[in-house]
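Okay, structure first, notes after.
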Protein chains: 2
Amino acid sequence: MSDGRSTSTYSGENLLFLTDEQLRQGIEAMFFAYRGFTADPDRILADMAYGRAHHRAIHFIHRAPGTTVNNLLNILGVTKQSLNRVLRTLIEQGLVISKVGKVDKRERHLFLTDEGSSLEQTLSDAQRARMRSAFRDAGPEAVAGFRTVLEAMMDTEMQRAYTRLKETGA
Amino acid sequence: MSDGRSTSTYSGENLLFLTDEQLRQGIEAMFFAYRGFTADPDRILADMAYGRAHHRAIHFIHRAPGTTVNNLLNILGVTKQSLNRVLRTLIEQGLVISKVGKVDKRERHLFLTDEGSSLEQTLSDAQRARMRSAFRDAGPEAVAGFRTVLEAMMDTEMQRAYTRLKETGA
DNA sequence: CAGTATATGTCAGTGTTGTTGACATTCCAA
DNA sequence: TTGGAATGTCAACAACACTGACATATACTG
């Protein structure tokens with residue numbers, strides 16, 4: 001179904017970058033690159049009792065301190081039960097603290113402790129180092145293209161979450 | 001590692017695309033985009049008894065028919081026990097066949113059956129549709145940049161595997 | 001040929017991370 | 001004030017990765 005149509009429908013323009021072969025290469029690039037993307041933090045976490053899920057939670061708590069469990073849930077796209085297990089161990093180990101909401105006591109607001117911040121720093125340093133090296137090798141224009149394509153690949157809700165975070169930090 | 005050239009090339013120029021904030025946005029973009037990237041096949045597979053691991057195996061067997069177990073192992077980056085569990089169910093369900101090697105009888109060469117090919121088609125149609133839409137929205141230059149950055153983000157071994165596959169197909 | 005290396009498969013056990021279901025607490029609105 | 005919605009917690013289970021140990025068949029080497 002996707003064969004040939006991509007080239008024939010839009011014939012006239014130069015749409016060679018939309019051939020199935022190009023798309024498949026894009027798919028494989030995503031697969032291999034994502035492995036590299038997570039490799040460094042994974043290595044660090046392997047020695048501890050934590051995994052990728054803990055990394056993600058720590059990252060976004062660092063990013064938006066005081067965020068609620070529910071908010072984090074939406075960003076991470078997992079069930080609250082799944083997130084809860086991760087948060088419980090992080091709280092037990094003293095990396096995260098959870099404060100009952102002042103306005104709405106049902107809510108828990110999440111913060112990193114000093115120890116949590118320290119781990120976040122270690123992990124993001126490793127991940128940023130690879131990203132920086134890739135960005136530098138590729139150059140600013142490639143980086144702009146990289147981000148454009150990634151944003152177009154997200155679900156709409158994730159695009160919103162991403163944009164919201166982006167604006168918060170900038 | 002390639003720092004010399006790129007630093008000297010860009011030193012003095014605008015390196016704002018390498019700030020921590022930019023890197024963090026790149027990291028978050030990868031995270032959210034990868035979710036979108038796997039979302040469609042995941043939805044299809046959820047109804048069947050298969051998961052993402054089966055999808056990956058099917059993809060690369062389709063991509064390199066007759067590949068050996070060992071080869072697949074290296075591409076997927078999992079243990080043989082883990083891959084074996086997946087392959088066993090795929091073979092039992094009649095999606096994959098394994099043929100004893102003619103030259104080296106220790107090897108098993110893997111192929112998709114018609115049924116396996118049909119599932120592969122369904123899954124990759126879904127994934128390509130999203131990739132095509134993202135590529136089209138972003139345009140050819142962005143796509144080139146996207147691929148440049150992803151390739152720079154891979155581990156060297158994965159880069160080789162990726163290039164080998166790329167050349168096979170093109 | 002004997003001994004070693006390689007390719008594959010299997011069993012058992014464990015850890016992380018996702019799922020659903022059940023339930024407690026808190027808030028809010030009829 | 002009472003019932004429903006929102007928020008979060010606990011328990012049990014499934015998928016899929018891992019390690020370690022071992023079996024089998026085949027290939028290679030001295």
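In this text, all values refer to a predicted model and were calculated from it rather than measured experimentally.
The NZ atom of K166(A) sits 9.0 Å away from atom CD of Q159(A), with the distance rounded to the nearest 0.5 Å. Interatomic distance, T89(A) OG1 to H54(A) NE2, rounded to the nearest 0.5 Å: 3.5 Å. Here R56(A) contributes atom CZ and L123(A) contributes atom CG; the two are 12.5 Å apart, rounded to the nearest 0.5 Å.
Counting 5' to 3', DNA chain D first comes under 4.0 angstrom of a heavy atom of chain B and last does so at the ends given by dC16(D) to dA27(D).
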Nucleotide N/O of nucleotides 23-30 of chain C paired with protein N/O under 3.5 Å:
residue, atom, partner, partner atom, Å
dC27(C), OP1, K105(A), N, 3.0

Which atom pairs link the protein and nucleotides 12-16 of chain C when you take only N or O atoms and keep those under 3.5 Å?
residue, atom, partner, partner atom, Å
dT16(C), OP1, A49(A), O, 3.2

Between the protein and nucleotides 1-3 of chain C, list every N/O to N/O distance that falls short of 3.5 Å.
none

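Using a 30° and 60° split on the angle between ring planes, F31(A) and F60(B) fall in the tilted class, from 30° to 60°. Between F37(B) and Y34(B), the ring-plane angle classifies as tilted under the 30° and 60° cut-offs. Between F146(B) and F146(A), the ring-plane angle classifies as parallel under the 30° and 60° cut-offs.
Between the E141(B) side chain and the G145(A) main chain, no donor and acceptor come within less than 3.5 Å of each other.
When the side-chain nitrogen and oxygen atoms of R56(A) are compared with OP1 and OP2 of dG18(C), one or more of them lie within a distance under 4.0 Å. Between N70(B) and dT6(C) there is no side-chain polar atom (N or O) within less than 4.0 angstrom of OP1 or OP2.
We find that CG of N84(B) is positioned 9 Å from P of dC11(C), with the value rounded to whole Å. Between H109(B) atom NE2 and dA7(C) atom C1' the separation is 11 Å, expressed in whole Å.
Note on R24(B) versus E28(B): salt bridge recorded, some NZ/NE/NH1/NH2 to OD/OE distance being below 4.0 Å. Ion pairing between D155(A) and R130(B) holds under the 4.0 Å rule for side-chain N and carboxylate O.
A heavy-atom distance below 4.5 Å is not found between the side chains of N84(A) and V69(A).
Here V103(B) is tied to no hydrophobic group at all, with no ILVMFWY side chain closer than 4.5 Å.
Residues L87(B) and F111(B) do not share a hydrophobic cluster, defined by chaining ILVMFWY side chains whose heavy atoms lie under 4.5 Å apart.
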Sequence neighbours excluded and cut-off under 3.5 Å, please list the side-chain donor-acceptor pairs for residues 93-100 of chain B, or say none.
none

